[in-house]
Each structure stands twice: as C-alpha cells, then as structure tokens.
Amino acid sequence: MTPAMSNRPIIELHDIRREFIVGEEVVKALRGVSFTIGEGEFVTIMGTSGSGKSTLLNILGCLDTPTSGEFLLDGTPVRTMSKNQRAVLRNRKIGFVFQNYNLLAKTTAVENVELPLMYNPAVGATERRNRAVTALRRVGLGNRLSHKSNQMSGGQMQRVAIARALVNDPAVILADEATGNLDTRTSFEILVLFQELHREGRTIIFVTHNPEIAQYSSRTITLRDGKIRDDVSNNNILDAAEKLAQLPINDDD
Amino acid sequence: MNFTNLFKIAIKAINNNKMRSFLTMLGIIIGVASVITMLAIGQGSKQSIKQNIAEMGSNMIMINPGADRGPGGARMSADEMQTLTLTDYETIRDQAKYLTAVSPSVSSGGQLIYGNNNYQSSVSGVSEGYLTIRQLKVESGEMFSEADIKASAKVCVIGKTIVDNLFPGGVDPIGQVIRFNKMPVRVVGVLKSKGYNSMGMDQDDIVLMPYTTVMKRILAQTHLQGIYASAITEEMTPVAIDDVTQILRANHKLRNGEEDDFSIRSQEEISSMMTSTMSMLTLLLACVAGISLVVGGIGIMNIMYVSVTERTREIGLRMSVGARGIDILSQFLIEAIMISVTGGLIGVFLGVGLSMAVKVLAQWPIAIEAWTVLLAFVVCTITGVFFGWYPARKAANLDPIEAIRYE
Ligand SMILES: Nc1ncnc2c1ncn2[C@@H]1O[C@H](COP(=O)(O)OP(=O)(O)O)[C@@H](O)[C@H]1O
Ligand SMILES: [Mg+2]
C-alpha cells in the first residue's frame, strides 16, 4: 500500500501512540501510526472528526510529543527533545498554516511574515525584511506589503499566513484545514498556490476533511480511530488552476 | 529574540491599547510624582532648617545653668538655675583655648516706649562678642563698647522689628532715647535684618544691652542665665566643649564622679536633632506616597493578566513559529517594565513640576535631590519586574496547542 519512496525522508513515524488522560479515563487519540513522507511530497491527511488528525499534526509540528513511538523530523529524533529544543526546531524546520489564519492584529503583512525570523537570531533585520517581501511576492501579495491584517480579505490573509510559513524555508509545511474558512473559489486559489509550491519541491502536509482536495495532492493518508485506514498515492493529480478557470468569477478579492 | 525586537513588540502592544496603557501608567505616575514632591518638600524644609540653625550663630556653644536633665527631665529648682556666675564667664573668656568669642547672657522682658509708641519685647544683656557668636551685624550706628559695659551704660542696639514698632514715622533711631520699663536707654545702633527663622521666630525682635546694665539696673542679680561662645571651627566644637567643661568644673569645685551643675549644647547638636526629626517626617511622607506606587504596581499586574488572556492566541502563534518560554516571558516582562518606566518618567516630570508649583505658589522651600529621582526610577523598574513577573510567567507557561485554539 505504502507508495514507493525515492526521495530523502523528511518525516518518519514509527508506531506513534498518543494517549490523553481525562479524569479516570485514557483517551487513545493515536494507536500506532507509522509512515514515512519523502521530500517534495504533497500529502493530504483525511479522516472524520475525532479520528486523530489534529493530534497527529501537532506531533508532526513538534508542538506535542507522542506517548510512545519514534518520530524523526528531517533525520532528527524529536520525542526526547526538550520544550525549548522543539521551539527552535519549529522555528527552523516547520511552517504552519492554520484554518483561522492567526495573523497578528493591527500588524502589516510584512511584519506578520517576518515573525518566525524574529525568533531566529541568525537573521538580521535587513535580511528578515527582504525574505518577508520575497515570500509575500511569492504568494502574489507584492502589492499588499503594508496592508494591515484587518484591511485584507480571507484569501489574502491566508496568503499572508502561507508566506509566513514559507519565510523560514521549512523542511515541511503543515496546513490544518487551511481552506476551511474560505469560499470555493478562494479555496481553489489557495490550492493553486499549494500546488505551485509542491511543484517547486516543497513538502506539504495538508489536513482536511474535504475529499475533493485529495485529488490535487500526490498522496492521501486516511485516519480512522487513531489508526491509518488508507495510504494511497495519487497517480493522476488534477490541476487546481484548470478547475479554478472553470469556476464562476466572484468579486471577493 | 533580541532586545531591540522585544522593545519594538512592547511599544507596539502599548500603542495598540493607548488608553488602557495610559490608565495603567496613571497609578505609577501619581505614585512617583507624589514620592518626588513629598521628598522635595521634606528635603527643602530640612535644608532651610539647617541653614537657619547655621545662621543662628557660628559654631555656637550654649552653656546653661543646672544639670542636663535631657528632654522631659524634672524641672530644675531655683538654686540649680543660679550656678553660672560672672566669674565663670570671665574665667572662660580668659582661659578657654578654642573659642573666638564669649558672651554672658541675661534677659528680661518688658515694655519699650518711644513717644506714643510702645512695644512688648525683651532685652538681652550681652557682651560685644555676642555679635560674632550670633552672626549679627550692626547696620547703622555702632555696637556698645567695652567702656559701656564697664559703666553699665544705659545704651542699646535694636533690631528692625523694634525700629518698625517704635519709630514708624521714619525717625532715625540712632541717638534717640527710648524707655525700657521706665528706664531711659539711648539707642546707639541698629542691627541688620535677619528676618524670620524656619521655626517662625522673628530674629529682628531683639534689643541688646551691656550685660552689666541688665544685671545691675534691671534684674538686680549676680548670676547668669547662660553663656554663649563660638568655637574656632565646627570640628573644634567638641574639644572646645571639653575645655569649657574642665574650666567650669574647676571653678565650681566639682569632684570626680560628681555631676556637672551646668549643661553645654552645641549648635551642631541642635541642628542634627532638628534635621533628624525632619528626616523622620520626610520618610513618613515618602512611605505614604510609596504606597500609591505599590497600588500602581498592582494596577500593572492586573492589566498584564488581562492582556495575557486577551492575547492567548497571539502567544500560541508566537510559540508555534518558534518562540521559547523565555522569549514570551521577556516580551511581557519588558512590556510591564516599559509601562512602569514610562509612567515613572512622566511621574518624575510631574513631580518636579508639582514641587516647583509648591515653591512658587505656597512659598515653601523645596529641594529636589538627584537621589530621590533615581530612587523613584529604580523603584519603578522594580515595580514593573515584580508585578509583571507573574502575568509574564503565566504567558510563558501556556500550552501552545491550547493557546492557538483559544477563542
Ligand atoms: N488535549 C486532549 N485531551 C483529551 N483528549 C483529547 C485531546 N486532544 C484530542 N483528544 C481526543 O483525541 C481524539 C482525536 O482528536 P483530534 O486529533 O482532535 O481529532 P480530529 O482533529 O481528527 O478531529 C478525540 O477523541 C479527542 O477527544
Ligand atoms: Mg481537528
């Protein structure tokens, strides 16, 4: 079932389990998940509500540690790392895109995108700004650099969030329902952007409960009750740009 | 995250909530301003008292009859009050080594009359040395002479208040004969005005006569009410006191172990006594003002807690993009410190302004010392750190997963 891997592994999971203790009860959110994701893959993670998608993504994003099992991110074992070590790892290797954008209020697009680099002492102010501007240009917001978050549409805000996830040149981009708050057309615009990033060689993990989106990724992992039910590669990746062209134009942006 | 960035974030956070930040600062502003004003008033009064005591005389030593019972001691009997004699004065004058001037002191109250004007006052019987000791200067006319003392002459030197009351018409008092309790006395000199001292005493309400005149013609007594002297320097005061003590003990034939039947006080003693009382008062005032600073600090803590809760999502986001606990802690701590220090700065200006206003409007002596400003500032920073610490730690300890989903 597991697709053949030719590329360097970015994510390696071995029998990952995550249990939550709620009062007397033990909730088993993940019950032995193993897979490997190679560089340049665009993976959608699907599953019904409560199947463990968010728990898995938190572990992949080094926000949470598994109860047992081994997790290697870009070759580095994460499970035994301290909180601070994981923070630094997130800063250098992970780009997050959230459903609700999570931009800083009353803050310009550039400053929002600069944020991860603020926590990287190796990057000076000039380089930080240049990289933020480059990332914003990459997502098509070169003309919105100084716009504040409250002066932008949902699609634009999500583009800023994607630029923020790109700015530290991460090993993997993790998106949790990144199109969940957007209308169909805007969702496809964002999907086009993700596909472009995929073509550029970025590794992307996209959590969604929308099965349509899976058609545009290179591989789909389906969870059920904290276990992998399906793990299939997609040999017929649809082009989101084509689909977008067919959609009626709205005057949202 | 380096400090420049942390400062930028703090400034932005404060700017995003201008009104609230200002209201939070207000507690600190009021606290600092009142501490500075209170200290300025306290220090000012202290300095003016010190100066007034200094103007009272030059390295003055006061010798009084009777044993030193200290404050609150039993009242002395009339016998004890008569232990100082003219012989004591003369021996000190002739034998004491560390004095520049000595003067006996006797005084009597009574009414001064000139023409239709009269004034209730008291006369002091002194020697010429008294001018040096009390830092008095004769403005017009002259001081009575040694010959006047020998002759118990009916002459006097008067202060400005006496002149104003007895000679309201602008008559030159020099050479005029006034009456003191019916005894005619010729005015030979007028003293330069010294004004009121800090205790509110009129230093120009003064009539000086030869001590012989007062003793023989007015009081008809042979003992002295006191002896005033001036030490050569302030540092020599204790030595001078020892010297005078030995002379008086020998004079009074006191044996070893027997208590002095006189007491000696120096101007320095009085000065330090007064200023230490004033320091206590200042400290008290500053403490009361300091309490408002603490209340201000609690205000900061309160607002920082609100701010942390409000910005839970922001904290979660920062953590997810790589902020460590220490980064979040520093961010909120610096914000708290900036609020308190900015408040402190405004408070300093306000405090200085208020002090000036008090000086100009109420005519109180004020003195702003650098250390009070520095103190207020340091206390502010400490307040910021202290009261910002708990909210900042709460922020740093948030779980990023929960924080970023916080609604
Ligand atoms: N912090 C937690 N404490 C207790 N139970 C949790 C916690 N997080 C997730 N769970 C439980 O783990 C299971 C998987 O949740 P989640 O990963 O959020 O699923 P999904 O994102 O696929 O909807 C659910 O049963 C949920 O109740
Ligand atoms: Mg979920």
Side-chain angles (χ1 to χ4, degrees), chain A residues 18 20 29 54-55 57-65 82-108 111-125 128 148-150 161 164-168 170 174 176-177, chain B residues 1-22 303 306-335 338 392-407:
Chain A
R18 181 68 171 100
F20 297 102
S54 294
T55 306
L57 203 74
N58 288 338
I59 289 172
L60 294 178
C62 306
L63 287 168
D64 193 11
T65 43
S82 73
K83 240 175 125 180
N84 283 346
Q85 285 174 317
R86 279 188 283 126
V88 174
L89 197 66
R90 287 198 292 275
N91 186 249
R92 310 295 146 82
K93 301 264 185 197
I94 310 270
F96 280 104
V97 182
F98 303 95
Q99 179 171 359
N100 49 18
Y101 329 127
N102 273 319
L103 300 185
L104 294 178
K106 302 181 189 174
T107 304
T108 63
E111 285 169 331
N112 264 296
V113 176
E114 279 183 324
L115 191 67
L117 301 182
M118 295 275 253
Y119 295 98
N120 185 345
V123 181
R128 188 168 70 219
K148 299 207 168 160
S149 16
N150 54 330
R164 184 179 62 198
L166 285 173
V167 78
N168 59 343
L174 302 176
D176 193 358
E177 303 275 10
Chain B
M1 168 98 51
N2 64 35
F3 267 100
T4 327
N5 291 342
L6 284 171
F7 274 115
K8 277 187 199 149
I9 293 172
I11 290 169
K12 191 166 173 80
I14 290 169
N15 259 332
N16 280 353
N17 261 310
K18 283 195 195 71
M19 194 57 190
R20 192 164 83 185
S21 305
F22 174 72
I303 285 301
V306 172
S307 177
V308 167
T309 308
E310 266 184 7
R311 283 151 70 190
T312 300
R313 276 257 296 274
E314 176 195 322
I315 295 163
L317 171 71
R318 286 180 183 278
M319 285 175 159
S320 71
V321 300
R324 293 162 302 162
I326 181 85
D327 295 318
I328 301 294
L329 185 92
S330 324
Q331 178 187 332
F332 281 89
L333 209 53
I334 285 179
E335 192 177 322
M338 270 189 59
R393 209 187 53 175
K394 183 192 169 191
N397 287 343
L398 285 176
D399 175 23
I401 300 168
E402 280 170 24
I404 202 144
R405 284 178 214 291
Y406 183 86
E407 293 300 329

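Each chain gets a letter, A, B and so on, in the order its sequence line appears, and its residues count up from 1.
- Counting only heavy atoms from C-beta outward, the side chains of B:Arg318 and A:Leu104 approach each other to under 4.5 Å.
- Residue A:Leu57 comes nearest to A:Asp176 through the heavy atom pair CD2-CB, 3.5 Å, listed as atom of the first residue, atom of the second, then distance.
- Relative orientation of the A:Phe98 and A:Phe96 rings is parallel, given thresholds of 30° and 60° on the angle between their planes.
- For A:Asn112, no part sits under 4.5 Å from any heavy atom of chain B, backbone or side chain.
- A heavy-atom distance below 4.5 Å is not found between the side chains of A:Thr107 and B:Glu314.
- For A:Ile94, no part lies near chain B; criterion is any non-hydrogen pair under 4.5 Å.
- Interface remark: B:Ile326 contributes no atoms to any contact with chain A (heavy atom separation under 4.5 Å).
- In this structure, the portions of A:Asn100 lying under 4.5 Å from any heavy atom of chain B include both its backbone and its side chain.
- Contacts between A:Arg164 and chain B at a heavy-atom distance below 4.5 Å involve the side chain alone, from C-beta outward.
- The candidate with the highest count of non-hydrogen atom pairs below 4.5 Å against chain B, out of A:Leu117, A:Asp64, A:Leu103, A:Leu89, is A:Asp64.
- The nearest pair of heavy atoms linking B:Gly322 to A:Tyr119 is O-CB, 4.0 Å.
- Residues A:Asn120 and A:Asn168 have side chains not in contact (no heavy-atom distance under 4.5 Å, counting atoms from C-beta outward).
- Per-residue counts of heavy-atom pairs under 4.5 Å with chain A were compared for B:Asn16, B:Asp399, B:Thr4, B:Asn15; the largest is that of B:Asn16.
- Proximity to chain B (any heavy atom under 4.5 Å) is shown, for A:Asn84, by both the backbone and the side chain.
- Options B:Ser320, B:Gly325, B:Pro400 differ in how many heavy-atom pairs under 4.5 Å they form with chain A, and the most are formed by B:Ser320.
- Contacts between A:Gln99 and chain B at a heavy-atom distance below 4.5 Å are absent for every atom of the residue.
- When the candidates A:Arg128, A:Arg92, A:Glu111, A:Arg86 are compared by the number of heavy-atom contacts under 4.5 Å with chain B, A:Arg128 comes out ahead.
- In this structure the side chain of A:Ser54 reaches within 4.5 angstrom of the side chain of B:Arg405, judged on heavy atoms.
- B:Tyr406 pairs in a side-chain contact (heavy atoms from CB on, under 4.5 Å) with only one of the listed residues (B:Ile315, B:Thr309, B:Leu398), which is B:Thr309.
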